[in-house]
2 protein chains.
Amino acid sequence: MAVEFESVVTVSAAKQIAESLRAAIMDGRLKVDERLPTEEELAQRFKVSRPTVREALKRLAAQHLIRSRRGPAGGNFVSSPAPEEAAQSLANAATLMVAVGDISLDAMATARLELEVVCCRLAASNRTDEHLDAMRRELQAQRNAALTDEEFCASDIRFHRAMVDASGNTLLQFLMHAVVEALQPVSNMIIFRVRDRQAIVGFHERILHSVESRDAETGAAALADLVAYTRDRYREALERRADRTG
Amino acid sequence: MAVEFESVVTVSAAKQIAESLRAAIMDGRLKVDERLPTEEELAQRFKVSRPTVREALKRLAAQHLIRSRRGPAGGNFVSSPAPEEAAQSLANAATLMVAVGDISLDAMATARLELEVVCCRLAASNRTDEHLDAMRRELQAQRNAALTDEEFCASDIRFHRAMVDASGNTLLQFLMHAVVEALQPVSNMIIFRVRDRQAIVGFHERILHSVESRDAETGAAALADLVAYTRDRYREALERRADRTG
DNA sequence: AGCCATTATTTGTCGGACTAATATTTTGAG
DNA sequence: CTCAAAATATTAGTCCGACAAATAATGGCT
């Protein structure tokens with residue numbers, strides 16, 4: 001273990017140790033899957049106790065920067081960031097920001113529309129048969145009236161994710177998965193009527209067809225219609241809720 | 001403190017406690033700025049020791065879900081997610097994914113272009129004078145030849161952020177700040193020649209003008225040119241580096 | 001009444017001990 | 001000699017108990 005860490009002296013040891021290790025990982029002094037010293041050794045090196053080191057490690061673990069295994073040949077390892085977990089964290093943050101009002105639902109809706117239009121255009125040129133199949137599968141599933149609302153919503157999300165995946169851009173996938181996920185609570189609120197489902201399936205058919213035929217423009221139109229429709233249904237749902245409560 | 005937590009029994013106590021608290025925060029049982037029980041009390045409630053509770057709390061702190069203060073009237077408080085910090089986390093994750101190859105630079109560049117075109121279009125219709133001023137200020141700063149490379153890069157980032165902010169969409173701001181940030185290492189690598197600076201200032205002028213005159217199309221073109229230019233300079237930089245090392 | 005010292009409360013840190021998991025080594029049987 | 005099972009060593013996970021540091025509230029002093 002030849003990696004050097006800056007020594008930490010002043011305040012809030014755990015936080016600074018975490019920061020020091022994080023920096024070491026970020027700028028490549030610690031590589032992915034590399035094992036870092038044992039907690040005991042780190043404690044000696046940073047001149048703190050093991051619990052303090054552990055708190056630092058937990059901070060990193062919470063960001064999925066390290067993973068740990070017990071036993072000999074165990075230890076704490078630099079973890080390559082799993083995109084799904086990172087997307088989950090992002091989705092959580094976005095959900096909270098919506099809940100607290102930092103992001104308005106309107107901003108979220110327009111952002112989603114704009115981003116999905118971009119993905120749709122890329123998908124129209126980069127799609128593969130696998131992606132089309134995935135979209136078709138979800139669309140077929142959504143036609144099943146026996147689906148519960150939750151199942152329908154889940155399939156809805158998978159459909160959009162499949163379209164995003166078809167764009168072939170991993171960064172957009174990453175961002176969009178989180179955005180779509182963060183919007184799920186809203187979707188859950190408004191999908192409950194058969195008519196709504198049929199309408200949404202109709203939008204999805206138009207989207208799928210646009211990607212199939214490599215015609216991004218109709219896809220953009222379909223997405224715009226879908227967002228407008230969703231917005232209206234959401235407003236209605238809010239009014240109904242207002243009626244019930246007062 | 002009337003909030004109930006599910007009791008945790010089976011495995012990995014700290015992780016489950018963190019998850020339990022996180023869920024309580026996410027679905028609103030714990031509201032922002034609310035103080036949660038003392039560590040002692042949580043330890044009793046979850047039937048674990050205080051260090052274990054602390055590890056759970058550190059996990060949440062790492063995700064900026066809670067903040068802590070010492071002293072009476074201190075404690076652990078639910079923290080409203082600061083967009084900048086969340087964006088920083090996202091940027092870190094993105095940087096790592098680029099470093100590890102989960103995201104190709106090409107994917108990153110196209111994603112950035114597409115997203116910035118979206119932001120530019122929104123900015124053209126939603127911009128305020130403050131946003132225009134911010135963009136003008138940075139542009140003026142970039143004309144100063146005395147700037148160090150780092151200062152020029154920083155101003156470059158601020159210019160793009162100002163344009164993104166002008167879109168008026170907080171979610172896009174949030175995402176783009178992270179994307180732009182994650183791209184900084186690349187920028188740092190290629191900005192070193194006076195000619196490059198002049199070219200980039202030229203692109204920025206076109207972008208600013210398009211937002212000023214509410215003409216999104218020319219802005220999109222300028223952004224595309226900027227990305228293409230940047231890509232070429234980056235390829236050259238890579239070749240130079242290859243020459244030096246081999 | 002206003003200011004300062006005291007105090008109480010809560011997180012931060014510590015050291016050590018024990019538990020649980022697990023890879024390695026040793027041992028034993030075939 | 002081979003292979004499997006048991007012992008062993010190593011390492012993270014948990015726990016306890018205590019003290020340090022920060023800080024708001026309290027109470028006493030001027």
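Below, chains carry the letters A, B, ... as their sequence lines are ordered, and counting in each starts from 1.
In this model, the phosphate group of D:dA12 is not approached by any side-chain N or O of A:S68 to a distance below 4.0 Å at OP1 or OP2. Between B:T38 and C:dT9 there is no side-chain polar atom (N or O) within less than 4.0 angstrom of OP1 or OP2. For D:dA12, the OP1/OP2 oxygens have a side-chain nitrogen or oxygen of A:N76 closer than 4.0 Å. Residue B:S49 places none of its side-chain N or O atoms closer than 4.0 Å to OP1 or OP2 of D:dT14.
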Sequence neighbours left out, cut at 3.5 Å: what donor-acceptor pairs do the side chains of residues 97-109 of chain A make with other protein atoms?
from, atom 1, to, atom 2, distance (Å)
A:S104, OG, A:A107, N, 2.9
A:D106, OD1, A:R231, NH1, 2.7

Pairs of donor and acceptor atoms involving the side chains of residues 172-184 of chain B, under 3.5 Å and at least two apart or interchain, shall be tabulated with distances.
from, atom 1, to, atom 2, distance (Å)
B:Q173, NE2, B:D165, O, 3.4
B:H177, ND1, B:R161, NH2, 3.1
B:H177, NE2, B:D165, OD1, 3.0

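Nearest-nucleotide positions on DNA chain C place B:R69 closer to the 5' end than the other of B:R69 and A:R70.
Look at CG on B:L42: it is 16 Å from C1' on C:dT9, rounded to the nearest Å. The distance between atom CZ of B:R67 and atom C1' of D:dA22, rounded to the nearest whole Å, is 17 Å. Between the C1' atom of C:dT9 and the CD atom of B:E39 lies a distance of 12 Å, rounded to the nearest Å. In this structure, B:Q44 atom CD and C:dT10 atom P are separated by 12 Å, rounded to whole Å. In this entry the distance linking CD of A:E40 with C1' of C:dA17 reads 12 Å, nearest Å. Whole-Å rounding puts the A:E41 CD to D:dT10 P distance at 13 Å.
In terms of heavy-atom proximity, A:G75 sits nearest to A:R35 at CA-NE, 4.5 Å.
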*Apply side chain to side chain donor-acceptor pair (under 3.5 Å) to B:T128 and B:E130, showing your working.*
CA-CA 5 Å; B:T128 69; B:E130 286 77 28; 3.1 Å; yes
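Counting non-hydrogen atoms under 4.0 angstrom, B:R50 reaches a base of the nucleic acid.
For the ring-ring contact (aromatic ring centres under 6.0 Å, His included) test, residues two or more places apart in sequence or in another chain that qualify with B:F159 are B:H204. Contacts of B:N126 classified as side chain to side chain donor-acceptor pair (under 3.5 Å), with partners at least two apart in sequence or in another chain: none. Every residue two or more places apart in sequence or in another chain was checked for a side chain to side chain donor-acceptor pair (under 3.5 Å) with B:E84, and none qualifies.
Residues from residues 54-66 of chain B with heavy atoms under 4.0 angstrom of DNA chain C, sorted by number: B:R54, B:K58.
For A:P51, the side-chain atoms get nearest to C:dG16 when compared with the rest of D:dT14, D:dA22, C:dG16.
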